[in-house]
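Notes follow the structure.
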Amino acid sequence: MGQRIKTIHLSIAIFFVSWSVQSQILVKTDALGFTYELYENVLIKQESPPFPQFQFGLLNFGIPTSIDLTNPLRPFVFCKDQGCIVFLDNELNQAGSPFYLNSNNNVQITACCGSKGNAFWIYDHLNRQLQLL
């Protein structure tokens, strides 16, 4: 019985280690010292590494490409596949509806980042233009 429990614990540990290694996209730290870990299906905000403080599921928006922490009280995630920006509050709750950038057929947004003054920069790959919105 004891050997079986050790085997189950080892299997669970291997699963979680392999899951986190394979699906992690990036890790960033904001100006307030919080660490954000972006995976294919979830964003985790934590103060100290072993204890997740907040998390947000990203399954409805496709695979996220980047997270912008220009304003740590209002981060956003950019999902390149759907061309959408998902705005979050400081507790990783969705703040409003996602903003779809590729709604116009003449654009293909492949990168997005925040700017000062509640604006953000986007790169239109189709027209090869950098624009401030």
Side-chain angles (χ1 to χ4, degrees):
M1 182 70 172
Q3 183 64 25
R4 183 175 175 203
I5 291 174
K6 287 180 184 177
T7 305
I8 291 172
H9 285 291
L10 181 61
S11 299
I12 291 171
I14 290 171
F15 170 76
F16 280 113
V17 167
S18 65
W19 174 76
S20 65
V21 169
Q22 292 175 1
S23 64
Q24 188 173 29
I25 296 173
L26 62 95
V27 176
K28 283 189 170 183
T29 303
D30 68 9
L32 302 175
F34 291 100
T35 302
Y36 294 78
E37 295 180 8
L38 186 61
Y39 296 90
E40 291 180 1
N41 60 348
V42 70
L43 172 65
I44 300 173
K45 177 183 177 181
Q46 55 190 8
E47 190 170 2
S48 57
F51 305 107
Q53 192 170 22
F54 302 106
Q55 57 184 6
F56 178 71
L58 296 163
L59 290 175
N60 297 336
F61 308 106
I63 298 174
T65 306
S66 64
I67 180 170
D68 188 273
L69 303 172
T70 304
N71 180 354
L73 299 178
R74 190 170 166 102
F76 67 84
V77 177
F78 174 67
C79 300
K80 178 181 166 182
D81 294 340
Q82 293 188 14
C84 75
I85 298 173
V86 181
F87 292 99
L88 306 169
D89 64 10
N90 62 336
E91 294 181 352
L92 298 188
N93 297 312
Q94 187 174 342
S97 299
F99 185 68
Y100 290 92
L101 299 167
N102 292 339
S103 58
N104 183 350
N105 292 336
N106 299 328
V107 298
Q108 182 183 5
I109 306 303
T110 55
C112 181
C113 68
S115 177
K116 301 295 180 187
N118 291 332
F120 48 93
W121 290 96
I122 59 170
Y123 179 71
D124 178 5
H125 182 74
L126 191 61
N127 297 316
R128 295 188 174 152
Q129 293 179 344
L130 184 64
Q131 300 173 359
L132 179 67
L133 294 179

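In this text the structure is predicted, and so the values were computed from the model without any measurement. Scope of the values below: all heavy atoms of this structure, side chains included, with no hydrogens, waters or symmetry mates.
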If you measure from CZ on F99 to CG on L133, what distance do you get to the nearest 0.5 Å? 6.5 Å
Using 0.5 Å steps for rounding, measure from the CD1 atom of I85 to the CG atom of D68. 9.0 Å
dist Q108:CD -> I122:CD1 (nearest 0.5 Å) comes out at 12.0 Å
Does N102 reach the main-chain N or O of I109 with its side chain, forming a donor-acceptor pair under 3.5 Å? yes
Find the distance between SG (C84) and CZ (F78) and round it off to the nearest 0.5 Å. 8.0 Å
Measure the CG-CG distance between L101 and D124 for me, rounded to the nearest 0.5 Å. 10.0 Å
Begin from the C-alpha positions of F56 and V86 and carry the test side-chain contact (heavy atoms from CB on, under 4.5 Å) through to its verdict. CA-CA 11 Å; F56 178 71; V86 181; 4.0 Å; yes
Flag the pair Y123 / Q129 as yes when at least one side-chain heavy-atom distance between them is below 4.5 Å, and no otherwise. no
Donor-acceptor under 3.5 Å (Q94 side chain, G96 main chain): yes
Parallel, tilted or perpendicular: which fits the ring planes of F120 and F76, with parallel below 30° and perpendicular above 60°? tilted
Yes or no on side-chain contact (heavy atoms from CB on, under 4.5 Å) for I25 and I63, after CA distance, side-chain angles and deciding distance? CA-CA 9 Å; I25 296 173; I63 298 174; 3.9 Å; yes
Kindly give the heavy-atom pair with the smallest separation between C79 and G62, and that separation in Å. SG-O, 4.2 Å
Group every Ile, Leu, Val, Met, Phe, Trp and Tyr by side-chain heavy-atom contacts under 4.5 Å, then state whether V77 and L73 land in the same group. yes
Do L69 and F34 touch side chain to side chain, with heavy atoms closer than 4.5 Å? no
Side chains of L43 and P64, heavy atoms from C-beta outward: is any pair under 4.5 Å? no
For K45, does the NZ atom have more than 12 heavy-atom neighbours from other residues, nucleotides or ligands under 6.0 Å away? yes
At their closest point, which heavy atom of L92 faces which heavy atom of L88, and how far apart are they? CD2-CD1, 3.9 Å
State, to 0.1 Å, how close F61 and P98 come at their nearest heavy-atom pair, and which atoms those are. CE2-CG, 3.3 Å
Heavy-atom side-chain proximity of L58 to L38 below 4.5 angstrom: yes
Heavy atoms from other residues, nucleotides or ligands near CG of N118 exceed 12 (cutoff 6.0 Å): no
Can you tell if the side chain of T35 reaches within under 4.5 Å of the side chain of T29, non-hydrogen atoms only? yes
Nearest 0.5 Å please: distance from the CD atom of E40 over to the CG atom of L59. 10.0 Å
Using the rule that two of Ile, Leu, Val, Met, Phe, Trp, Tyr join whenever any of their side-chain heavy atoms come within less than 4.5 Å, decide whether F54 and L26 are in one cluster. yes
